[in-house]
Amino acid sequence: MRRVINYPQVRFSWVHPALEVEFGTAPDGTLRLLRLDRAGDDPGPASDPESALPLVELTALGHGSGWSGPRFTGTALGARLRYRAHRGGSRAAQEWLSVELHDEATGLTAFVELTSPAGLPVLRSRVRLRNEGAEPVVVQSVSSLLLGGLPSPDDLDVHRARNDWLAECRWYAEPLRDTVADINVGVHQHDSRAALALTGRGSWPTDGHLPMGALTERGSGRTWLWQVESPAGWRWDLGERAHRTYLALNGPTDAEHQWRVRLAPGAECTTVPGVLALGAGFDAAMGALTSYRRAVRRPHPDHSALPVVFNDYMNTLMGDPTTEKLLPLIDAAAEAGAEYFCIDSGWYDDDADGWWDSVGEWLPSPRRFPGGGIRAVLERIRERGMVPGLWLEPEVVGVRSPVAAALPPDAFFQRDGVRLAEQGRHQLDLRHPAARAHLDRTVDRIVGDWGVGYLKLDYNIVVDPGTCAPGDLAPGAGLLGHAQAYLDWLSEVLDRHPGLVLENCASGGMRMDGATLAVTQLQSTSDQQDPLCYPPIAAAAPTAAPPEQGAVWAYPQPGFDDDLITFTLGGALLGRIHLSGHLDRMTERQLSLVRGAVDTYRTIRGDLAQAVPFWPLGLPGWTDEWLALGMRVPGDRTSYVSVWRRGGEPELSLPIGHLAGREVSAEILHPSAPTAGSAVWDGSGLRVSLPRAPAVLLIRLTPQPANLP
C-alpha cells in the first residue's frame, strides 16, 4: 500500500510597491512560487501548485535526477527539500526575502535569496547551498530561479538573441509551441520532457547567444524577460508542466559545462543570479531590466558623465601605433571634441616575430616610441585636454613571454597537471596570488605611474571547459571560480584607482554578461568594421547594456562622402560614442561633420544616462532595410529616435505608442544641417523621409506643454 503523508501547508506573500509574489506548498510538501505579478496588475488566480515548480531543483552524485531526463526540473533532491523558515525586509534601496529549505537525508540546506530594487518589477534570485550533514555531497547543478504556471506554450512567443563575433545582439522570435511539442502524456502519468534549452559555452559567456530570453503572451503583450548573470557557463529551459509553461534558470551544470563541487560538512556554494523582469510588453520589460542594471552596478562618475572616447584601432591604426602616427591623430581627436584617447593594441610590441604569443610583460616598445617613449605620447594626450587610455589583455600570457616562466605553474589554467595553451597563449588563474600580484603591479604602473585613466580590457582566447587547479573537482567549477575572481580583482583595482574607467571587451561583445557589466563602466558591442553592417548591432545593443555603457564604434574616413560620414557617426549617438577613423587626414569640412555629431551627443548624453530603450519597428533584423531605436526619458518629457535607412522605399511611418494622441514637436538633431530627409509628427507617430541610402536621422520628440502631465 502506498504511504500517504500529510505535509504541513505553508502559504505566504512577499509584496512591495512594484512586485507581488506568492508562495505555497504543493501536496508533495515542496514549497513553490505560485504567483509573480507586477503590483497593480490584475493578478488572476494563483497557479495550481501542480503547474508550479519547487522553489529549488538540484542534482548530486548518487541521488539520481528524478524524472528530469536532460532537464533540470523534477529532480529527486528538489522533491525532498522542505520549508523551514523565511524572513525579509528592506536594505540599500532594495527589498529582500530569504527562504530556507532543508533535506533531512543529505543534510543539505538551500537558502533562496530573493531581492528586488525598490520600485522595479524585477526579481533577482540566487541559491546558497550549505551541507549541514555528516557526509560530503558532490553537487552537479543548482537552479538559480524557477517559475512555473505561465500561460500555455500555445499562447506564447519566445525571444532569443544570437550573439556571434561581428554579428551581436541578433534577436529573433518564434512560437514556443514550435519547439515545445504538444504531447499527450496522460498515459505515462508524468509531464512531457519536451523543452527548449539554451546554454552558454566556454570562457566567452556570450558567444553564440546572449544569456537572456523572453516570453511574450500573444494578445495581451505581457512579457517575462530574463538574464542569467554568469561570467562563465549558464543554461535556461522552457518546458510544459500541467499544460502551463515553466522557466528554469541555471548557472553552469555538470552535464553542460563540467561543473560540479564537493561540499564537505559545513561547506557552502552559491549559484550565479537569475533575474526576471516583468512588463506589459517587451519594451516595458526591457525598460525595467535597464533600470535594474543601473540599480545593481558599481557606482562610478562615468555613468553620468558619458565622456567621448577616441580609440585608434578600428579601421585606423589597427594595432600598429607609433609616436609618428599618434601625434597628429591625437591633435585631430581633440579638435573633434574627444575627451578620452585610448591607444589600442600594439603599444608593447617590440618583437620582430610578432607580439601575439609574447605578450604578458606590458612594457612599452622603445622602437615604436623613440625619444620620450610612450609617456611623452600620454603627456601629449593630456596637453590636448584628454584623458589617456591604453589597451590591455590582462588574463593572457604568451607562450614566449618571460612571464610564462617567471610565474608558478599553478598561476595558470591547467588540466591533469598540464598548463593549457590556446592560440599561443596561457591563461592566468586570478584565484592564484602570484597571478593577481603580477596584474596589480602592471595596473599600478600604468595607472599610478604613467597616469593612464582608461583601460580597455580585452580577452581574445576561448578556454573550454575550464581549469582544474588544486581543489577544483571539475574544469567548469575552476572556470567559474576564475571568472568571479577576475571580477573581484577588477573591483579591487577600482577601489585603489576610483577615477579609472574600465571598458570590457572580448573580441567585441563575447563577454557581454550582466555580472561583468555590473563592475565595468563600458561594454564593447562589436568588432564589426563595416559601417553598413553596424546599425542592427547598434540598434539592439541596449538589450545587452544600458545606453551609457554600450560602446558603439563611429569610424568616419576621409574617403567617405558626406552621407556615409553622417551615417557612420549617427549610428552611435544613442549609445556610447566610440570615435575612430583617420580624422587627421580629413578636410576641414569633413572634420566639421564629426564635430557636429560630437556636439550633438554632448547635448543629449545627460538624458541618455537615465533613458530606457524602445523599438518603434520592433527589434532589428540583420538584413532589415529600415531600423529604428528610441530612448525614452523618465516622465516622457523627451524621447529620441534614431532611424536608419539601408535600402527599400524612401518613406516610412514609425508608431510611437507612448506619445500617440499628443501634440509633439519633431526636431532633427543629426545631421546638424540635413540636406535631405525629413521627420514629421502625424499625431500617432513619425513620418520619415530619407530619399538617399544609406542615411540616418536622430530626432528629438518633445510633447508640447499643453500635453505634459
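- Taking the side chain as every heavy atom from C-beta outward, Leu669 and Ile604 approach each other to under 4.5 Å.
- Remark: Glu379 engages Arg382 in a salt bridge, criterion side-chain N to carboxylate O under 4.0 Å.
- Using a cut-off of 4.0 Å between Lys/Arg side-chain N and Asp/Glu carboxylate O, Lys456 and Asp344 are scored as salt-bridged.
- No donor-acceptor pair under 3.5 Å is formed between the side chain of Trp355 and the backbone N or O of Ser345.
- Ion pairing between a basic and an acidic side chain is recognised when a charged N comes within 4.0 Å of a carboxylate O; Arg632 and Asp636 show such pairing.
- Panel note: side chain Arg602, backbone Gly337; a donor-acceptor pair is recorded below 3.5 Å.
- If you run side chain to side chain contact (heavy atoms under 4.5 Å, CB included) between Thr568 and each of Leu564, Ile565, Thr566, only Leu564 comes through.
- A salt bridge is absent between Arg445 and Glu361: the closest approach of a Lys/Arg side-chain nitrogen to an acidic carboxylate oxygen does not fall below 4.0 angstrom.
- You'll find the side chain of Trp626 reaches within 4.5 Å of the side chain of Val688, heavy atoms only.
- Between Asp351 and Arg400, at least one side-chain nitrogen of the basic residue sits less than 4.0 Å from a carboxylate oxygen of the acidic one, meeting the salt-bridge criterion.
- The residues Arg646 and Asp624 are annotated as not salt-bridged, no charged nitrogen and carboxylate oxygen being separated by less than 4.0 angstrom.
- In this model, no donor atom of one side chain and acceptor atom of the other lie less than 3.5 Å apart for Asn163 and Glu168.
- A heavy-atom distance below 4.5 Å is found between the side chains of Leu659 and Pro703.
- The line from CD of Gln528 to CE of Met314 is 8.5 Å long, rounded to the nearest 0.5 Å.
- Within the 4.5 Å cutoff, side-chain heavy atoms of Leu487 are placed close to those of Pro231.
- Under the 30°/60° scheme for interplanar angles, the aromatic rings of Trp362 and Tyr348 are found to stand perpendicular.
- In this structure, CH2 in Trp622 is found 12.5 Å from CZ in Arg162, a value given to the nearest 0.5 Å.
- Classification of Asp164 and Arg170 as a salt-bridged pair holds, one side-chain N sitting under 4.0 Å from a carboxylate O.
- By the 4.0 Å N-to-carboxylate-O rule, Lys325 lies too far from Asp312 to be salt-bridged with it.
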